[in-house]
Undergrad: 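Please find one structure pasted underneath; my questions will follow.
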Amino acid sequence: MTLKRLVLIFVLTPIAVLLAVSALFGSWQEPQFQSRLELYQTNIALQAQAWQSEDSGDDNLQGIREAILGEQPLESATKQYQEARQSVQANLDKVNNKLAQLRSQSEITPIPPKPLPEVPPTTKTSKQGKQQLQQSLKQLQKLVAELDLRLGILQAQQGQTDTALKTWSELQQRSDVNPEFGETAAVLSGLWSNPPRLLQNAQERIQKNLEGWFRSTALVQLYQLQQRQDALLAVKAAQKETAAQAVLKLAVIGTIPTLAALIGLILLILLFAQRLLKGKASLLAQNADIPWSTPWDGETVLQVFIVGFFFMGQIFVPLVISVLPIPRPIVDVRLQAFSVLVSYLLVAFGALLVLYFSLKPFFPLPEFWFRFRFQDNWFLWGLGGYCTALPIVVMVSLINQQLWQGQGGSNPLLQLALESQDGVALSIFFFTAAIAAPFFEEILFRGFLLPSLTRYLPVWGSIIISSLLFAIAHLSLSEILPLTALGIVLGVVYTRSRNLLAPMLLHSLWNSGTLLSLFILGSN
């Protein structure tokens, strides 16, 4: 066995596996992005309520309203916030328990049997873990306080004033609450008390610590009590204007994916029916059992992924970025977007460079390797694959949410895209997610990994293993199941079409749809 193979298999691969496992377990401490996304959508639905007050006699319009907003938006929003509150509180309890365990362990200092290094790796790791837990604790405490402020307003608007006052009172009594949230809770308690109490700086607290429907609802209550008719009319006019925009957002977010998912469900039924009736002459059976001719072995696959993908993405590029003269933390959203793009392009360039030099000894490659054919039916495969992926991934995601209960982390790019409202930054995010990512990831996972695995596995086995590794590469536990499901659809589309343009289109459509929803929700 050569020295290169020894280092690759027994040194670099174990290091990469340990770092990946560590990153995955680290993501377990982080909240899922999906929970926050659902609350954003709930907030828009609340803003859209003002649209219901007009043309109430039109039955057709009323049916459209109910389809978009639901029959009882306030009750639905309250349930959503209560579930989010329970999930966040459960995560908060877990973090508190872990911190308590770390404190109890640090109080017991065993006598070492022999001299130890001055800075043991375990101590450093423990400190880093404690810092991450403390940061998570602060974020969760802030989120619980924000949820309680909003939950109280929802309860008060449904006539549950005593429950709302209790929610705000408990918030004020908690020692871990930021004083601003406690003061805002006192302001809200005063507004809905009987008799009401108008506290100083009430308007300032409401505008600073509440947003959207919650802010306007609290301001309406305040201005009514203050008998400020001009301010009251201005808020109500703004509510109606915002409501029309909110309805349009909900229609775009809900209607387009729903129609695509319905088309995908019909396609799935037709494809499986065709498979049963026509057997190997069906589209699903096309190229299903034909492996690629692979002249290299598993060592080349390991070299590309361990050296080119993992070490480039997790060690080399972060090290290069860290030495650049960039102010940290990066606050400007355009710089954040540009930093994400540059980091991704560096990782992609490095990995593709390793891929090229790894495969160069085998040039010219056998037929069907890295195949791009614009005169083919790749567009239909990509579009149809996107539609069929929607119902599959949605079903898997619903199961996944029940398994993880709001934990497991998410792609940090999603949060940046949701909260960014800068046109330049959004364009950069879109280029990264909808163009750069599909091109690079499909070349690596479908173009190289999947066909390489067919040397050792049947095509269906190669699809599953490459999809699982594709999901793990995103280093978020909560995304493994949904991304595996998406990877399987991408793999099926590629193995049947034998054209990389098809999974690239599917991947691009998927990321574009996600970003479009985030941009619309974030514009709230």
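Just so we're clear, the structure is a prediction, and the values are computed from it rather than from any experiment.
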Undergrad: Between K4 and Q303, is there a side-chain heavy-atom distance shorter than 4.5 Å?
TA: yes
Undergrad: Please check if the number of heavy atoms outside F374 that lie under 6.0 Å from its CZ is greater than 12.
TA: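 It does not: F374 CZ has 12 such atoms or fewer within range.
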Undergrad: Would you check if the side chain of S512 reaches a backbone N or O of A434 as a donor-acceptor pair within less than 3.5 Å?
TA: no
Undergrad: G491 and L450: which non-hydrogen atoms are nearest, and at how many Å?
TA: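 Scanning both residues completely, I find the closest heavy atoms to be CA-CD1, 3.8 Å.
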Undergrad: Could you pull out the closest heavy-atom pair between A437 and N511, with the gap in Å?
TA: CB-ND2, 4.1 Å
Undergrad: Is there a donor-acceptor pair under 3.5 Å between the side chain of E442 and the backbone N or O of L500?
TA: no
Undergrad: What are the two closest non-hydrogen atoms of F445 and A473, and how far apart are they?
TA: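 In this case the closest contact between F445 and A473 is CZ-CB, 3.7 Å.
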Undergrad: Within the structure provided, determine whether Q139 and L143 are in side-chain contact (heavy-atom separation under 4.5 Å).
TA: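 No, too far: nothing below the 4.5 Å cut-off.
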Undergrad: Flag the pair E441 / H474 as yes when at least one side-chain heavy-atom distance between them is below 4.5 Å, and no otherwise.
TA: yes
Undergrad: Would M312 and V317 count as a side-chain contact (heavy atoms from CB on, under 4.5 Å) if you check the C-alpha gap in whole Å, the side-chain angles of each, and the deciding distance to 0.1 Å?
TA: CA-CA 6 Å; M312 191 64 64; V317 170; 4.1 Å; yes
Undergrad: Of the non-hydrogen atoms in T42 and A77, which two are nearest, and what is the gap between them?
TA: CG2-CB, 3.5 Å
Undergrad: How long is the gap from CZ on R446 to OG on S462, to the nearest 0.5 Å?
TA: 12.5 Å
Undergrad: Counting heavy atoms not belonging to F272, are there more than 12 under 6.0 Å from its CZ?
TA: no
Undergrad: For N43 and Y81, test the side chains for any donor-to-acceptor distance below 3.5 angstrom and give the result as yes or no.
TA: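 Yes, Y81 and N43 have a side-chain donor paired with an acceptor closer than 3.5 Å.
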Undergrad: I need the L259 CG to C387 SG distance, nearest 0.5 Å.
TA: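 Answer rounded to 0.5 Å: 10.0 Å.
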Undergrad: Going by atom types only, do Q101 and N97 share a side-chain donor-acceptor pair under 3.5 Å?
TA: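 Absent: no donor and acceptor within the cut-off.
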Undergrad: Which heavy atom of G382 sits nearest a heavy atom of L509, and at what distance?
TA: O-CD1, 4.4 Å
Undergrad: Any side-chain to backbone donor/acceptor pair from D376 onto W378? Under 3.5 Å, distance only.
TA: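 Absent.
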Undergrad: Is the backbone N or O of P451 less than 3.5 Å from a side-chain atom of T294, with the two atoms forming a donor-acceptor pair by type?
TA: yes
Undergrad: Do R455 and D297 have side chains that approach each other closer than 4.5 Å (heavy atoms only, starting at C-beta)?
TA: yes
Undergrad: With a sphere of 6.0 Å drawn around CZ of F379, does it hold more than 12 non-hydrogen atoms of other residues, nucleotides or ligands?
TA: no
Undergrad: Please test L359 against W369 for side-chain contact (heavy atoms from CB on, under 4.5 Å), starting from the C-alpha separation and ending with a verdict.
TA: CA-CA 11 Å; L359 302 188; W369 278 95; 5.8 Å; no
Undergrad: Is R496 reaching over with its side chain to a backbone N or O of V493, donor-acceptor style, under 3.5 angstrom?
TA: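 Checked: no pair found.
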Undergrad: Which is it for N287 and F368 under the side-chain contact (heavy atoms from CB on, under 4.5 Å) test, yes or no, and what are the steps along the way?
TA: CA-CA 11 Å; N287 301 320; F368 296 120; over 6 Å; no
Undergrad: Between the side chain of N400 and the main-chain N/O of S478, is any donor-acceptor distance below 3.5 Å?
TA: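 Side chain of N400 to backbone of S478: a pair is present.
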Undergrad: So, S339 side chain and L335 main chain: donor-acceptor pair closer than 3.5 Å or not?
TA: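 Answer holds: no.
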Undergrad: Quick one: are N96 and L92 in side-chain contact, heavy atoms under 4.5 Å?
TA: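 When only atoms from C-beta onward are counted, L92 and N96 do touch, with a gap below 4.5 Å.
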Undergrad: Look up atom CG in L345 and atom CZ in F431, then write down how far apart they are to the nearest 0.5 Å.
TA: 6.5 Å
Undergrad: Could you tell me whether E299 atom CD has more than 12 heavy atoms of other residues or ligands within 6.0 Å of it?
TA: yes
Undergrad: Rounded to the nearest 0.5 Å, what separates atom CG in L284 from atom NZ in K278?
TA: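 If we round to the nearest 0.5 Å, L284:CG and K278:NZ are 12.0 Å apart.
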Undergrad: Return yes if some donor-acceptor pair links the side-chain N/O of S467 with the main-chain N/O of I463 below 3.5 Å, else return no.
TA: yes
Undergrad: Do V492 and T388 touch side chain to side chain, with heavy atoms closer than 4.5 Å?
TA: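 Answer no - side chains too far apart.
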Undergrad: Kindly compute the distance separating CH2 (W510) from OH (Y386), expressed to the nearest 0.5 Å.
TA: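 Here the rounded value is 7.0 Å.
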Undergrad: What about F349 and Y356, are their ring centers closer than 6.0 Å?
TA: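 Between F349 and Y356, the centre distance exceeds or equals 6.0 Å.
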Undergrad: Parallel under 30°, tilted from 30 to 60°, perpendicular over 60°: which one fits the rings of Y494 and W292?
TA: parallel
Undergrad: Between A433 and L515, which heavy-atom pair has the shortest distance, and what is it?
TA: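 Taking A433 first and L515 second, the nearest heavy atoms are CB-CD1, 3.4 Å.
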Undergrad: Kindly indicate, with the supporting measurements, whether the criterion side-chain contact (heavy atoms from CB on, under 4.5 Å) is fulfilled by F309 and V304.
TA: CA-CA 7 Å; F309 181 73; V304 170; 6.0 Å; no
Undergrad: Working to the nearest 0.5 angstrom, can you tell me the gap between I321 CD1 and S343 OG?
TA: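 One finds 4.0 Å between CD1 of I321 and OG of S343.
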Undergrad: Anything under 30° is parallel, anything over 60° is perpendicular, the rest tilted; go ahead and classify F448 against F370.
TA: parallel
Undergrad: Are the side chains of I464 and T484 in contact, using a 4.5 Å heavy-atom criterion?
TA: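 Not in contact.
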Undergrad: Determine whether a donor-acceptor pair (N or O, by modelled atom type, separation under 3.5 Å) exists between the side chain of S282 and the backbone of G279.
TA: yes
Undergrad: State, yes or no, whether a side-chain contact exists between V489 and V393 at a heavy-atom distance under 4.5 Å.
TA: no
Undergrad: Is there a donor-acceptor contact under 3.5 Å from the side chain of T13 to the main chain of L8?
TA: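 Checked: pair present.
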